[in-house]
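The structure appears right after this line, and notes come after that.
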Amino acid sequence: QVQLVESGGGSVQGGGSLRLSCAAFGYTNGITYMAWFRQAPGKEREGVATISTYTSTTYYADSVKGRFTISQDNAKGTLYLQMNTLKPEDTAMYYCAADFRFWKDVPADPRNFRYWGQGTQVTVSS
């Protein structure tokens with residue numbers, strides 16, 4: 001089993017920055033992908049960024065390219081999401097996810113991830 005614990009959310013004005021962290025506990029050896037998803041009220045959960053733990057290949061949603069950066073510290077078992085130039089439309093609950101399977105492409109669909117954290121709220125005011 002893998003436990004994921006997110007932190008770093010909060011409230012920020014538009015144009016500001018936040019860094020989210022996701023600590024992985026338990027049997028983490030063999031995790032192939034880790035990702036950040038977000039879900040706003042009344043909307044579906046969407047992929048924000050994914051990273052391959054083996055190759056560091058990344059995926060970013062078009063809406064965050066150039067503003068968000070996903071990174072990992074394998075020694076600490078921690079995933080990060082640096083979010084810059086935040087916009088009100090970035091407001092959502094942000095979730096960390098992990099999986100042990102291999103996919104042809106870096107996955108961005110929530111159905112490709114078996115393990116989830118509880119989420120951390122990000123609120124961006126205009």
Side-chain angles (χ1 to χ4, degrees):
Q1 287 290 334
V2 174
Q3 294 81 43
L4 303 173
V5 180
E6 303 97 334
S7 62
S11 297
V12 64
Q13 285 195 327
S17 298
L18 284 174
R19 188 175 84 152
L20 304 184
S21 299
C22 172
F25 301 94
Y27 185 76
T28 59
N29 287 332
I31 289 177
T32 51
Y33 300 101
M34 294 192 74
W36 290 98
F37 289 82
R38 66 187 181 187
Q39 188 166 19
K43 294 189 176 181
E44 292 186 352
R45 190 168 296 190
E46 63 169 344
V48 174
T50 305
I51 188 166
S52 163
T53 62
Y54 282 71
T55 66
S56 295
T57 304
T58 57
Y59 156 86
Y60 291 96
D62 288 343
S63 58
V64 306
K65 280 181 183 175
R67 300 189 298 123
F68 290 11
T69 302
I70 189 171
S71 62
Q72 58 186 348
D73 185 332
N74 289 333
K76 295 183 178 179
T78 303
L79 179 74
Y80 301 100
L81 184 69
Q82 178 66 44
M83 305 186 294
N84 298 328
T85 319
L86 282 160
K87 304 175 181 180
E89 50 264 43
D90 295 318
T91 295
M93 184 71 79
Y94 282 71
Y95 297 91
C96 174
D99 204 82
F100 290 82
R101 294 169 287 183
F102 286 95
W103 304 98
K104 179 178 180 291
D105 299 309
V106 177
D109 190 317
R111 294 171 295 182
N112 294 135
F113 291 86
R114 191 166 295 166
Y115 299 95
W116 293 84
Q118 293 300 307
T120 185
Q121 178 67 38
V122 172
T123 302
V124 184
S125 59
S126 57

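If you're wondering where the values come from, they're calculated on a predicted model, not measured in any experiment. Side chains included, hydrogens not; waters and symmetry mates left out as well; all remaining heavy atoms used.
Here the straight-line distance linking atom OG1 of Thr50 with atom CD1 of Ile70 works out to 6.0 Å at 0.5 Å rounding. To the nearest 0.5 Å, atoms OG (Ser21) and CG (Leu81) are separated by 9.5 Å. Remark: Gln13 CD to Ser126 OG distance equals 9.0 Å, nearest 0.5 Å. Between the CG atom of Leu4 and the OH atom of Tyr115 there is a distance of 9.5 Å, given to the nearest 0.5 Å.
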Tabulate below the donor-acceptor pairs under 3.5 Å that side-chain atoms of residues 117-124 make, not counting sequence neighbours, or state none.
| unit_1 | atom_1 | unit_2 | atom_2 | d |
| --- | --- | --- | --- | --- |
| Thr120 | OG1 | Gly9 | N | 3.1 |
| Gln121 | NE2 | Ala92 | O | 3.4 |
| Gln121 | NE2 | Thr123 | OG1 | 3.4 |

Could you please spell out the steps behind the side chain to side chain contact (heavy atoms under 4.5 Å, CB included) verdict for Val64 and Arg38?
-> CA-CA 12 Å; Val64 306; Arg38 66 187 181 187; 4.0 Å; yes
Test side chain to side chain contact (heavy atoms under 4.5 Å, CB included) applied to Thr58 and Val106, step by step = CA-CA 7 Å; Thr58 57; Val106 177; over 6 Å; no
Could you check Trp36 against Met83 for side chain to side chain contact (heavy atoms under 4.5 Å, CB included), going step by step and ending with a plain yes or no?
-> CA-CA 12 Å; Trp36 290 98; Met83 305 186 294; over 6 Å; no
Please step through side chain to side chain contact (heavy atoms under 4.5 Å, CB included) for the pair Phe100 and Val2, ending with a clear verdict.
-> CA-CA 10 Å; Phe100 290 82; Val2 174; 3.5 Å; yes
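A donor-acceptor distance shorter than 3.5 angstrom exists from the side chain of Thr91 to the backbone of Pro88, with no hydrogens or angles considered. A donor-acceptor distance shorter than 3.5 angstrom exists from the side chain of Asp99 to the backbone of Arg114, with no hydrogens or angles considered. Proximity of a side-chain donor or acceptor of Thr32 to a complementary backbone N or O of Arg101 within less than 3.5 Å is detected.
In this structure Arg19 satisfies the side-chain hydrogen bond (donor to acceptor under 3.5 Å, both in side chains) test with no other residue, sequence neighbours excluded.
Salt bridge annotation for Lys87-Asp90: absent, with no cationic side-chain nitrogen under 4.0 angstrom from a carboxylate oxygen.
A ring-ring contact (aromatic ring centres under 6.0 Å, His included) check over residues 49-72, counting only residues at least two apart or in different chains, returns the pairs Tyr54-Phe102.
Between Tyr33 and Phe113, the two ring planes are perpendicular [angle over 60°; tilted spans 30° to 60°].
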